[in-house]
Structures are given as structure tokens and as C-alpha cells.
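Heads up, the thing below is written out as C-alpha cells.
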Amino acid sequence: MRELFRLTGSEQLSLIRSREISAEEATRACLARMEAVEPRVLAFRCVLRDAALSDARAIDAAFSRGEDPGPLAGLPIAIKDVICLAGHPTTCGSRTLGGFIPAFDATVIERLRNAGAVLFGKTNMDEFAMGSSTENSAYEKTRNPWDLGRVPGGSSGGSAAAVAADMVPLALGSDTGGSIRQPAAFCGVPGLKTTYGRVSRFGLVAFASSLDQIGPFGKSVEDIARSLAVIAGQDPHDSTSASVPVPDYVEELSRGLAPLRIGVPREYFPRGLDSQVGDAVRFVLDRARALGARVEEISLPHTDYAIPTYYILATAEASSNLARYDGVRYGFRAAGAKDLAEMYRRSRSAGFGKEVRRRIMLGTYVLSSGYYDAYYLKAQKVRTLLRNDFVEAFQQVDLIITPTTPSVAFRFGEKTEDPLQMYLSDIFTATINLVGIPALSLPCALSREGLPIGLQVVGPPFGEARLLSAAAALESDLNFRARHRPKALDP
Ligand code: GLN
């Protein structure tokens, strides 16, 4: 048999279910792989070795008693360190939350446990999910498994790198403006940002509440479908979670591409786009045509306004959400302050990193009296225009295909001095969050330097089933996983 850790989540699941391997063996294989490559990748904030092994043994015991431990029985999964897991540190990549141990599990964690998944560890991220390279983590710098001199993308860089390096078959991330899709593209794995309201956010530490969503990374689109089926659905603890029924994502995977109309927005192929990225996406569009889809050019005319709109609304919401880290109730408190105001000031100045402080300042500014109308309110109106672009587009087409990112993974330090350059990494992804629709990044080709290129498949609200089946058809045609693997780890 091939090395266990190389298998997709779905392949590991079926071996566990047929009891050809035990859940404990699957977890041990991931742990051994993790020990071999993690010193070079640095994807994890912590690994829950003992807890994972005892969870896996409990799954094996349930099988032995003739019980069905659930649809993800025995499958290891890594969790971005922005999602609360009771009894284990949740840092959000920040010093501010250095000693924070949540008292409860996020709803997604509870659902994963009930489905038999094995919680493997917490992954590194940009501080409070602000960033596109994971360089904003207050802790280690996670490396891209395809080239250890390059970033894995962000902010869910640890989750993407852990899956790409075969340390775990599945991981959860969060996506506010691209934080699942952009690292998925940089690390050559599929990653899904779900429709706003599709997955409960109870227990997800908030960045920008009108944009944040949780979603999975997997080794295959089927892995994504299997994990989405478990975490999707309404939750009484999260009033923004929707009561839309959850379809059978796995069952619907085989629907193919044939009758679909695919829109290609001309604004997503701008002059500055890396030509290798543009060529790779155009090649896939040709393949989509060959598989029976109708591909047509469309226009999303307000695209140029997406990044400024995103950075006004996301920072405004962040400045409000992060007000809770005051040194009183949560996390880090600076010593030696003479009064309350000084204690706030010192704790927040020392606890937050540079980018988080920049966002709080920007967000406070756009919400302040006198500027509110000019920035925040205006941005809300532009958000409606962006939404209307997509409403119109989806009257014409079933799905939209774009590049995920304007370039392949960049080197460490390349964009840290210029925040605007970093912000532009999300030029194709942030709009999707403003509109609230689902989108998946699918690895489609390798660049000349041997770095993955991602393609973004975008669907209408709650259109995950259609989106996943189209992505699965493209995936089996392109066969990226079988053809390429990160050489930096196993030359
Ligand atoms: N890179 C974007 C930002 O810095 C998106 C982050 C995210 O999706 N969490 O805001």
C-alpha cells in the first residue's frame, strides 16, 4: 500500500471504515509524518498528540462494538487557531491571547467530534486573521511546502501548509477576504469559503462579522464535500447561521459539468496578472468547454472598488470586535499602569502586532464622526453595487471562474514593507466575502518555478453542491494531485 499519510481524507476514511486500517494507525501515520516534516514547515501552534491518539482509540473501540462512529470516523483534522477548542490554548496568532484557554468548544468542533473526526492540532495564522502570508503571526513563520523560502499565504497559512505537506488530510480555516482560498492556491490544495450563514461561527473569534466564514481544506474536492456535510447547517448559538437545508454534498458530487454555463469576468484578467496564472486559468476553461460546459465572458463592472470597500468595512468591524481585548477580561495585561486608561493603552499597544494596530486605527478612523458618511456609509453602498453585479451575473450563468490570486506564492519579506501590496493579494477573493457567496480554490497547474496556481470557482448563495460537483469534474480532468507534489519536503 502507498504510504498512508499520502492518501486523501476520503481514501483514509474508506480504509478505516472497512477496518483495513485502524483509526489509531491513521492517526499515528499523520503524527509520524508531522514529526518528520513539521520542523521545516512550522504549520502548527500545538499538536494534541495524546488527545488525538485517545480519540482514535475510542473510534476503534466503537467500531469493535459494532457502532457507527460517524461519517468522519477516525480522520485526523487540524484546526486554525482562531476556532475555540475547550481546554486547549487558542492564540489567534496573537500575544494578546497568549494564555487564553477557551471554556467551550466551537459548534464546528462539536460537530466534527460527533462525526468521529480526530482533532489533531491547532494551526498557525496571521494575527487575528489579518494578513495574506501568515508572516503577521506573533509566533513562528510557517513555510510553503513547495518552496521553504516562500510564504504559504494567509491568513490560514498553517492549515493550508499542514494539508499540503501531508501532515493531515483535512483542516479548517476561516475566510474573511480570502484567507482560505489564497493559502489554498499558494499551497496547491483545494479550499472552500462557504456561503455567509452556511456554517456556524459560534466559537470562531471574530475579525469582521459581516464577512467571516469557516470552511475546510482537503486533499480533494471529495474531502471538502465530506467535511462540509458535517459542519454545515443552522445552529441555535449563531443567529447569523441560516436555516437553509443541507444537501447531500457527497451524493451530488458526480453531477459533472455538462449542462453548465460558466461566466468568465473580464475584470478578473487585468494587465498586472501574472501571465502564467492567466494562461493556466484559460487552459482550464478550454477543458471545461471540452467537458461540455458553455463558457462565456461576463462583466462585474464594480470590481475595481472591491479592495477599498473591503478594507474600509473589514477594518471598521475589526476595530469594534477587537475592543474586547482590553486587558481586563481577556489575555495580556501590561504591568505598571497608574490608571485604567493607561492600562488599556499599554496592554493594547504591547499585546497587538503592527498590522492589527494599523487595522484598528484605520477602522476607528472610518467610523469616526465626520468621516463615517464619507467612508463607512459609502463603502456599504458600494457593497450593494458589488452584490448587484453578482445577482445579475447569476441570472446569466450558473458558476463563475476566475484566478484565485494575481500571482503565485511570494518570498518571505517581499510584501511586508508595503501593506498595500499585501492587500492586493486578495483582489480576486475579497469581493466574494462582501457579496456573501461561496467560492472554492482548486489547484490547476504548476508555474515554471514549480509553484501551484489556483483557480477560483464561484457559485450563487448556498450553491455549494453545484460548485463542488463542477470542481470535482475539473479536478479529475486536471489530475493535479497525482501529477505534482511538493518537492521541498521529499526531493
Ligand atoms: N488578507 C485579507 C486581510 O488581511 C483577508 C484575511 C482573511 O480572510 N481573514 O484582511
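Because the structure is predicted, anything quoted here is derived from the model rather than measured.
- Between Leu15 and Leu4, some side-chain heavy-atom pair lies under the 4.5 Å cut-off.
- Between Phe217 and Lys80, every side-chain heavy-atom pair lies at or beyond the 4.5 Å cut-off.
- Taken from CG in Leu442 to OG in Ser220, the straight-line distance is 10.5 Å, to the nearest 0.5 Å.
- Residues Leu97 and Thr90 form no side-chain contact, since every pair of their non-hydrogen atoms from C-beta on lies 4.5 Å or further apart.
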side-chain contact (heavy atoms from CB on, under 4.5 Å) assessment of Phe186 paired with Val408:
CA-CA 6 Å; Phe186 278 13; Val408 292; 5.6 Å; no
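- The two residues Gly218 and Ile224 have their closest heavy-atom pair at N-CD1, 3.6 Å.
- Counting all heavy atoms, side chain and backbone alike, Ala232 lies closest to Tyr249 at CB-CE1, 4.4 Å.
- Here the CG-OG distance, from Asp81 to Ser155, works out to 11.5 Å after rounding to the nearest 0.5 Å.
- Counting only heavy atoms from C-beta outward, the side chains of Arg49 and Glu35 approach each other to under 4.5 Å.
- For the pair Ala26 and Ile16, the tightest heavy-atom approach, listed with the atom from each and the gap, is CB-CD1, 3.8 Å.
- Electrostatic pairing of Asp68 and Arg17 counts as a salt bridge here, judged by a charged N lying under 4.0 Å from a carboxylate O.
- In summary, Asp60 and Arg57 do not engage in a salt bridge, as defined by a charged side-chain N under 4.0 Å from a carboxylate O.
- Rounded to the nearest 0.5 angstrom, Leu434 CG and Phe390 CZ are separated by 9.5 Å.
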So Asp166 and Lys219, salt bridge (Lys or Arg N to Asp or Glu O under 4.0 Å) or not? Walk me through it.
CA-CA 9 Å; Asp166 286 319; Lys219 294 198 196 176; 2.7 Å; yes
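- Side-chain atoms of Val458 and Tyr268, non-hydrogen and from C-beta on, never get closer than 4.5 Å to each other.
- Judged as a salt bridge (Lys or Arg N to Asp or Glu O under 4.0 Å), and not counting sequence neighbours, Arg111 has no contacts.
- When side chains are defined from C-beta on, Glu127 does not count as touching Glu355, because their heavy atoms never get closer than 4.5 Å.
- One N or O on the side chain of Gln276 and one on the backbone of Arg448 form a donor-acceptor pair closer than 3.5 Å.
- When all heavy atoms of Asp147 and Ala488 are compared, the closest pair comes out as N-CB, 4.0 Å.
- Tested against Phe428 for a side chain to side chain contact (heavy atoms under 4.5 Å, CB included), the candidates Pro265, Pro406, Ser441 yield a single pass: Pro406.
- Arg181 contributes no side-chain N or O that, together with a main-chain N or O of Gln456, makes up a donor-acceptor pair within less than 3.5 Å.
- Around the CD atom of Glu251, the shell of radius 6.0 Å holds no more than 12 heavy atoms that belong to other residues, nucleotides or ligands.
- For residues 34-75, the ring pair (Phe, Tyr, Trp, His ring centres under 6.0 Å) pairs, not counting sequence neighbours, are Phe44-Phe120.
- For Pro152 against Ala161, the heavy-atom pair with the smallest separation is CB-CB, 4.3 Å.
- Under the 3.5 Å distance criterion, the side-chain polar atoms of Trp146 are matched with a main-chain donor or acceptor of Cys187.
- Distance alone, capped at 3.5 Å, places no donor-acceptor pair between the Asp126 side chain and the Ala129 backbone.
- Remark: side-chain polar atoms of Thr195 are not paired, donor with acceptor, to backbone N or O of Arg198 under 3.5 angstrom.
- A salt bridge is absent between Asp490 and Arg485; no separation between the charged side-chain nitrogens and carboxylate oxygens falls under 4.0 Å.
- A parallel orientation is assigned to the rings of His237 and Phe202, their planes being inclined by less than 30° (bins at 30° and 60°).
- Remark: Lys415 qualifies as a cation-pi partner of Phe410 under the 6.0 Å distance and 45° angle criteria applied to the six-membered ring.
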Check against side-chain contact (heavy atoms from CB on, under 4.5 Å), Val397 and Ile262
CA-CA 6 Å; Val397 296; Ile262 294 176; over 6 Å; no
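- A salt bridge links Glu140 with Arg45: the closest approach of a Lys/Arg side-chain nitrogen to an acidic carboxylate oxygen falls below 4.0 angstrom.
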May I have the step-by-step check of side-chain contact (heavy atoms from CB on, under 4.5 Å) for Leu48 and Asp55, ending in yes or no?
CA-CA 10 Å; Leu48 311 174; Asp55 287 355; over 6 Å; no
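- Taken from CD in Gln234 to OG in Ser239, the straight-line distance is 10.0 Å, to the nearest 0.5 Å.
- In this structure the side chain of Leu72 never reaches within 4.5 angstrom of the side chain of Ile77, judged on heavy atoms.
- Rounding to the nearest 0.5 Å places OG1 of Thr431 at 9.0 Å from CG of Asp389.
- Counting only distance, with no hydrogens or angles, the side chain of Asp105 and the backbone of Glu110 share no donor-acceptor pair below 3.5 Å.
- Atom CG of Leu300 and atom CD1 of Ile298 lie 4.5 Å apart (nearest 0.5 Å).
- At a threshold of 4.5 Å between non-hydrogen side-chain atoms, the residues Thr134 and Asn124 count as touching.
- Ser241 contributes no side-chain N or O that, together with a main-chain N or O of Val199, makes up a donor-acceptor pair within less than 3.5 Å.
- Residue Tyr139 qualifies as enclosed at atom OH: its count of foreign heavy atoms under 6.0 Å is above 12.
- No more than 12 heavy atoms of other residues, nucleotides or ligands shown are found within 6.0 angstrom of CZ on Arg294.
- Salt bridge Asp223/Arg226: absent, no basic N to carboxylate O contact under 4.0 Å.
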Test side-chain hydrogen bond (donor to acceptor under 3.5 Å, both in side chains) on Ser447 and Glu449; report intermediate values, then the result.
CA-CA 5 Å; Ser447 72; Glu449 316 94 298; 2.8 Å; yes
Enumerate donor-acceptor pairs with a distance under 3.5 Å from any side-chain N or O in residues 207-215 to protein atoms, sequence neighbours excluded.
{"from": "Ser209", "atom 1": "OG", "to": "Asn321", "atom 2": "ND2", "distance (Å)": "3.0"}
{"from": "Ser210", "atom 1": "OG", "to": "Glu317", "atom 2": "OE1", "distance (Å)": "3.4"}
{"from": "Ser210", "atom 1": "OG", "to": "Glu317", "atom 2": "OE2", "distance (Å)": "2.6"}
{"from": "Ser210", "atom 1": "OG", "to": "Arg383", "atom 2": "NH1", "distance (Å)": "2.9"}
{"from": "Asp212", "atom 1": "OD1", "to": "Thr176", "atom 2": "OG1", "distance (Å)": "2.7"}
{"from": "Asp212", "atom 1": "OD1", "to": "Ala208", "atom 2": "N", "distance (Å)": "3.1"}
{"from": "Asp212", "atom 1": "OD2", "to": "Phe207", "atom 2": "N", "distance (Å)": "2.9"}
{"from": "Asp212", "atom 1": "OD2", "to": "Ala208", "atom 2": "N", "distance (Å)": "3.2"}
{"from": "Gln213", "atom 1": "OE1", "to": "Thr194", "atom 2": "OG1", "distance (Å)": "3.0"}

side-chain contact (heavy atoms from CB on, under 4.5 Å), that's the test. Do Leu31 and Val47 meet it? Break it down for me.
CA-CA 9 Å; Leu31 284 168; Val47 173; 3.9 Å; yes
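- The backbone N or O of Ser132 sits less than 3.5 Å from a side-chain atom of Gln182, completing a donor-acceptor pair.
- Looking only at distances, no side-chain donor or acceptor of Thr27 sits under 3.5 Å from a matching main-chain atom of Glu24.
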Applying side-chain hydrogen bond (donor to acceptor under 3.5 Å, both in side chains) to Ser469 and Arg466, what does each step give before you reach the verdict?
CA-CA 5 Å; Ser469 64; Arg466 219 21 184 142; 3.0 Å; yes
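- Counting only distance, with no hydrogens or angles, the side chain of Ser159 and the backbone of Ser156 share no donor-acceptor pair below 3.5 Å.
- Minimum interatomic distance between Ile437 and Phe394 (heavy atoms only, all atoms of both residues): CD1-CE1, 4.1 Å.
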